Amino acid sequence: MPLLVMKFGGTSVATLDRIRRAAKRVGREVAAGYDVIVIVSAMSGETNKLVGYVEETSQLYDAREYDAVVSSGEQVTAGLMALTLQEMDVPARSWQGWQVPLKTTNAHAAARIVEIPTDNIMAKFGEGMKVAVVAGFQGLGPDGRVTTLGRGGSDTTAVAFAAAFAAERCDIYTDVDGVYTTDPRITDKARKLDRIAFEEMLELASLGAKVLQTRSVELAMRYYVRLRVLSSFEEQSDEAGTLICAEEDIVESKAVNGVAASREEAKMTLISVADRPGIAAAIFGPLSEAGVNVDMIVQNISEEGRTDMTFSCPINQVARAEKALGEAKSAGDLNFREILADTNVAKISVVGIGMRSQSGVAAKMFKTLSDEGVNIKVIATSEIKISVLIDRKYTELAVQALHDAFELEKA
Ligand code: ASP
Ligand code: MG
C-alpha cells in the first residue's frame with residue numbers, strides 16, 4: 001500500500017467541527033488507496049495555556065514535568081481524531097509518542113528524534129487498520145519519560161514519520177495556503193510559490209518565515225521527503241499549496257525567489273581590539289560558550305594594530321553577549337575599549353538557488369536599497385542568500401522595494 005503522512009496543525013484541529021473536516025480529508029486519501037499516518041498538534045492555544053500553567057506553578061520548573069504537562073494537548077487531539085475517523089467507518093487508532101515508541105534524546109523540552117521503529121504501526125496496517133493517528137511533538141526519552149521536541153515540533157514529527165515509513169509525501173495542513181515570496185502582511189504583491197527548494201525554504205524558515213519548524217525542513221532535505229504545505233480551509237486540488245522539494249525537481253529558477261525580514265536582530269561592535277592571530281577565537285569562543293547565536297561577522301581594516309569587530313545576534317541575546325565578552329576581558333583573554341550595541345536593526349535577505357548561476361544579484365540589491373535612501377550597515381552572503389542589516393524602521397520599505405526590483409509578483 002502506498003503511504004501518506006498528513007499533519008494537521010493547531011488551527012486545523014481547533015474545534016470538533018474542524019477535526020471532522022480534517023478527518024474527511026483523511027477519509028478521501030484512504031478512499032484513494034492510501035494507508036495514512038496522521039500527525040496532530042494540540043488544539044490551537046492549548047499548548048500556550050499549558051506552558052502558562054507550568055510557569056505559574058514553578059519558575060525554575062523541572063523540564064521533565066513541563067513535558068508531562070505540555071505533551072497532553074496532543075494526546076487529546078490524537079484520541080479525538082481517531083474517534084472521529086471511527087465514526088466515519090474508517091479503521092483508525094491513536095498512538096502516543098511513547099507507544100510507537102518515538103525515541104528521543106534526553107533533552108527535555110527540546111528533545112531530538114533518535115529513532116522511529118515502524119514495526120508496531122506496520123503490523124496494525126497489516127491487520128486492516130487504515131489510519132494511524134499519532135500525537136505530534138512528543139516522544140520517549142532514554143530515562144523512560146515523556147519528552148517534547150520544542151515549540152512547533154509536530155512538523156518535525158511529521159517529517160520524521162514520512163522518512164521512517166518512506167511515505168510518498170508529507171502534507172502539512174495549516175492556516176496559510178503555502179509559502180510566499182515574502183510576508184503578505186508587508187506587501188499585497190506577495191505571491192504563493194508552487195515549488196521551493198529545501199535550501200531556500202531553510203533560509204526562509206530560519207529568517208523569519210514561520211511556516212514550518214526549521215528542523216522539519218532540515219530533516220526533509222536530508223531524507224528527501226517531499227513536503228507540501230497547504231491550507232486545511234480550502235478545497236483540495238493537486239496544485240494546492242507549496243511543494244518543498246529537491247533542487248532537481250525545480251526546472252528553472254529565478255535568481256531570487258523570496259525576500260525575508262527579521263526584526264529580532266542586534267548589531268554589536270567591539271571597538272579597538274588587537275589585530276593579531278587568535279583574536280577572532282578569543283571573541284567568538286566565549287560567545288559560543290555562552291550560547292549566543294552569532295550570525296554575520298565583519299572585521300574592519302586595522303590601524304596601528306587595532307581593529308573593530310562587528311557581529312549580529314538575536315536581540316534577546318545582547319545582554320548575554322555583553323556579559324560573556326566582559327568576563328573574557330576581566331580574565332585578560334581579550335582586550336577592547338568598549339562594546340556598542342545597536343538594537344534598532346533588521347536583517348533583510350534575498351534568497352534563491354538561481355543565484356548560483358546568475359550574477360548581479362548583490363549589485364541589484366544594493367542599488368535598490370540605495371535608491372530608497374536605505375543605508376546598509378553590514379553585509380553577509382552565502383551561495384544562495386544575500387543578507388544586509390539596515391535600520392529597523394525601513395523594514396517594510398526595503399522588503400517592498402526588493403520584491404518589486406526582483407519582480408517576485410510574477411511567476
Ligand atoms: N503544540 C505544540 C506547539 O504549539 C507543537 C506543535 O503544534 O507543533 O508548539
Ligand atoms: Mg506550527
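Nothing here was measured: the structure is a model prediction, and the numbers come from that model. Read the numbers this way: they start at 1 and go in the same order the structure lists the ligands and their atoms.
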S.K.: Can you list every pair that meets ring pair (Phe, Tyr, Trp, His ring centres under 6.0 Å) and has a residue in residues 97-133, with sequence neighbours left out?
M.R.: none

S.K.: Ligand 1: which protein N/O atoms lie under 3.5 Å from its N/O atoms?
M.R.:
residue, atom, partner, partner atom, Å
ligand 1, 1 (N), Thr47, OG1, 2.8
ligand 1, 1 (N), Glu74, OE2, 2.7
ligand 1, 4 (O), Thr47, OG1, 3.4
ligand 1, 4 (O), Arg151, NH2, 2.9
ligand 1, 7 (O), Ser41, OG, 3.0
ligand 1, 7 (O), Ser154, OG, 3.4
ligand 1, 8 (O), Gly152, O, 3.4
ligand 1, 8 (O), Gly153, N, 3.3
ligand 1, 8 (O), Ser154, N, 3.0
ligand 1, 8 (O), Ser154, OG, 2.5
ligand 1, 9 (O), Arg151, NE, 2.6
ligand 1, 9 (O), Arg151, NH2, 3.4
ligand 1, 9 (O), Gly152, N, 2.8

S.K.: Could you name each residue pair satisfying ring pair (Phe, Tyr, Trp, His ring centres under 6.0 Å) that touches residues 31-69, not counting sequence neighbours?
M.R.: Tyr61-Tyr66

S.K.: Check whether NZ of the Lys or CZ of the Arg Lys254 lies under 6.0 Å from the centre of the six-membered ring of Phe406 and within 45 degrees of that ring's axis.
M.R.: no

S.K.: Taking side-chain contact (heavy atoms from CB on, under 4.5 Å) as the criterion, tell me which of Leu212, Leu193, Ile196 meets it with Val229.
M.R.: Leu212

S.K.: Once side chain to side chain donor-acceptor pair (under 3.5 Å) is applied, what residue pairs with a partner in residues 83-95 remain, sequence neighbours excluded?
M.R.: none

S.K.: Charged N to carboxylate O under 4.0 angstrom, Asp391 versus Lys377?
M.R.: yes

